[in-house]
Structure formats: C-alpha cells, structure tokens
Amino acid sequence: MTFKELKLSSALVSHLEKNQFPKPTPIQEQAIPSILAGKDVMGIAKTGSGKTLAYVLPLLDRLKNQPSENREIQALVMVPTRELAVQVSEAIILFSKALKNPLITMAVYGGVSINPQMMNMNSVDVLVATPGRLIELIEKNAVKIANTKILVLDEADKMLSMGFREEMNQVFTRLPSKIQTLLFSATLSPKVTEIIQHLTLDPVVINLPVPDEDLSLIKQIGYRVIDEKKGVLLRQLIEEHNMQQVLIFCSSTYQVEHVNDKLNTNGITSKAIHGKKAQGTRQDHLNQFKDPESDVRCLVTTDLLSRGIDIEFLPFVINYELPRSPKDYIHRIGRTGRAENPGTVISLVTPEESHHMRTIQKKTNMKVWMEDLEEWNS
Ligand code: ADP
Ligand code: MG
C-alpha cells in the first residue's frame with residue numbers, strides 16, 4: 001500500500017516522498033481513509049508506530065480549502081504535555097508547507113507568557129493545545145472553538161483520565177455537537193473506553209496488536225540492586241555500554257535532580273527535565289538531548305516525558321525507579337524501539353520493587369530478563 005493509494009492529495013504524497021516516508025505504517029494505512037471520509041476514529045497502535053501522521057495528513061487534506069477567520073479555529077489537537085504540543089505542531093507545520101495554502105498552525109501551552117499566544121491567535125487554523133492553557137485562552141476570548149470541525153485527542157487515554165477530566169469537560173461543553181473526533185493512543189483502559197462511547201459517533205475502531213517480533217526490537221533487562229548502589233550501578237552501565245544518549249526515568253522531581261547532579265559531578269554530561277523547571281529550560285534541554293551533535297548524554301526526567309515524545313534512534317531508556325503503573329512502563333519504554341529501530345531498556349529494581357516488577361511483566365505481557373549479581377545486592 002502507498003500513500004497515494006490512500007487517496008491523500010498529490011501535494012502531500014510528494015512531500016512524504018521528499019521527506020523519506022516511503023510507505024504508510026499499518027495505523028496510517030487503516031486510519032487515513034476513514035478520516036478522509038469524515039468518520040470518527042479510535043486508533044490504538046503501539047508506541048512509535050506513526051500515529052501522529054495518521055491523523056495529521058488526512059486532517060490537512062480535509063481542511064486545506066477552508067481558511068479560518070475571526071479567531072475561530074478549524075481543528076483542535078489536544079495533548080497532555082507542553083513538549084508534545086511543540087512536537088505535534090512541528091509535524092503539522094512540516095506537512096502543511098506542502099499545501100498550496102498552508103494552514104496556520106500554533107501550539108499553545110502553559111508555563112510561558114500568554115500574551116504572544118493571544119496576539120498570534122488571529123486566523124489560526126489548527127491549534128495544538130494542552131488543556132489548562134486552552135481554557136485560559138477561551139476565557140480571555142482569544143480563541144473560539146465553537147465551530148471547530150475536527151477534534152483530535154493524542155494520548156487519548158491520558159487526556160480522558162482523572163487528572164484532565166475537569167478541564168476536558170470544560171473544553172467539550174464549548175465544542176460544537178457536530179464534530180469529527182479522532183482519538184489515538186498506545187494504551188487504553190476500560191474506564192476510558194466508556195467515555196469514548198459518549199464522545200464519538202459510530203467510530204471506526206482500529207486496534208492493532210503489538211506484533212511478536214517487537215519483543216526482540218526492545219531488549220528489556222532488569223538489575224536487582226539495593227537502593228544505596230543504584231547510583232554507582234547507573235554510572236557503570238552508562239560507561240560499560242558506552243551510552244551516548246540515554247533517557248533516565250525517576251519517580252520524583254527530587255530524585256531527578258539528585259541523579260542528574262550525581263551524573264554531572266562524575267563527568268557524565270546530563271540534563272534534567274521536570275514539572276518545576278521553567279518551560280524554556282525544559283524545551284532547551286530536550287532539544288539539546290535530541291541533537292546528536294551535542295555532548296549531552298543523559299536526560300533525567302519524570303513520567304512527564306513518558307508520553308509521545310519522539311527521539312529519533314534513541315538507543316537506551318533506564319528506569320532508575322519503576323513507574324507506578326504498568327501503563328506508564330509501556331509508554332516509558334516506547335521512547336525507544338521507535339519506527340522499527342532497536343532499543344534497550346534497563347530497569348534498576350530494589351528488593352522492595354521486585355514484586356512490582358513482576359506485576360508490570362504480568363500486566364504488560366512482557367518478559368524482562370533479570371540480572372541478579374551479588375555485588376549489587378549487599
Ligand atoms: P506514535 O505517535 O505512534 O508513538 P510517532 O507519530 O511519534 O509515533 O512516529 C514515530 C516516528 O516514526 C517518528 O519519528 C515519525 O517521523 C516516524 N514515521 C511516521 N510515519 C512514518 C512512515 N510512514 N515511514 C517512516 N517513518 C515514519
Ligand atoms: Mg504519539
């Protein structure tokens with residue numbers, strides 16, 4: 001199957017070829033025709049399988065001949081984090097350029113001044129937003145969503161989870177009742193499925209299983225280690241594997257800072273991102289980490305970065321501490337092994353975390369190879 005056969009416009013098809021996207025991924029192949037046909041779509045496919053373009057491409061084609069005016073947007077893409085808002089808007093802008101009349105796209109999110117966002121809102125066609133800032137902008141009359149034609153929830157299960165419930169309800173009440181709703185995620189919970197039934201009209205449900213060969217794409221290793229030795233083991237692993245780019249997850253802001261400091265004082269260049277950092281710094285650090293030319297080898301973070309962030313060819317993810325839920329584990333490890341590239345995930349597991357590690361394996365149906373070396377356990 002080719003992009004052309006999916007009935008995308010020739011402008012987009014040639015832009016895809018130019019940007020080295022030879023053929024659609026399975027989720028793109030299945031979602032694009034239904035979206036082009038104006039249907040609601042619920043797409044579940046593994047991390048790194050190209051869900052962004054699965055909605056971006058048909059969205060552009062559907063909106064390309066309808067310029068917006070009077071602060072009324074045409075499409076609203078909602079995402080859980082600021083970094084993801086930036087990433088998704090960049091993808092939209094890249095492909096929008098292929099159109100004769102490129103759609104105006106803007107990302108809005110908190111942690112930065114609202115004024116420039118308000119001033120630039122005139123004639124925006126596609127708005128990528130995190131919920132809190134979107135509501136602020138609506139309340140200030142800077143944006144109108146009452147005539148939005150397409151709504152996308154990327155990381156849909158997260159957007160519909162308890163944490164965002166109240167804000168999302170506020171958004172939903174302001175959207176028109178007739179709207180094309182597109183939901184994408186790698187994971188889904190039964191509770192969220194229920195909400196989705198209210199949110200969509202006779203949706204096309206695409207649920208792609210994770211193929212078996214994927215288990216070999218991401219190598220998963222666990223080290224049994226006592227808490228006091230985690231820091232030393234981490235540094236040894238980084239050196240032993242000669243890791244030049246590794247994303248390290250911790251469970252708290254405090255721990256992120258601590259691990260980051262230790263790495264830097266030991267001569268391993270590292271940056272930290274968490275919710276208490278200034279937004280400009282967060283984005284700078286992420287950009288530096290992504291840049292293969294930069295000397296930043298480690299990025300230490302919380303589950304803030306576990307969702308959606310795409311770092312090309314990222315070879316290593318380390319769980320310095322295990323995530324709270326098996327779902328978060330899936331998203332964390334999904335930062336590697338993207339677009340059919342291989343990756344390694346290493347989890348540092350204390351005796352207290354052992355039971356949780358087993359639960360994660362059971363719930364995710366994944367096998368983690370456990371290393372149990374005397375030197376790290378006493
Ligand atoms: P997901 O949202 O499913 O986790 P992304 O949309 O972030 O995945 O895409 C993961 C990576 O795959 C990105 O770097 C993207 O550019 C790349 N990609 C997307 N579609 C294709 C394609 N058809 N061919 C090759 N690479 C692709
Ligand atoms: Mg995604």
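Numbering of ligands and ligand atoms starts at 1, following listing order.
Within 4.0 Å of ligand 1, the residues that place a heavy atom are Phe3, Phe21, Lys23, Pro24, Thr25, Gln28, Lys46, Thr47, Gly48, Ser49, Gly50, Lys51, Thr52, Asp310, Arg338, Ala339, listed by chain and number.
Heavy-atom neighbours of Lys290 NZ from other residues, nucleotides or ligands within 6.0 Å: above the threshold of 12. Around NZ of Lys229, the count of heavy atoms belonging to other residues, nucleotides or ligands within 6.0 Å exceeds 12.
For Arg335, the salt bridge (Lys or Arg N to Asp or Glu O under 4.0 Å) test picks out no residue, with sequence neighbours left out. In this structure Glu194 satisfies the salt bridge (Lys or Arg N to Asp or Glu O under 4.0 Å) test with no other residue, sequence neighbours excluded.
Between Phe21 and Phe3, the distance from one ring center to the other does not fall under 6.0 angstrom.
Sequence neighbours left out, the pairs with a member in residues 317-329 that pass salt bridge (charged side-chain N to carboxylate O under 4.0 Å, His left out) are Asp157-Lys327.
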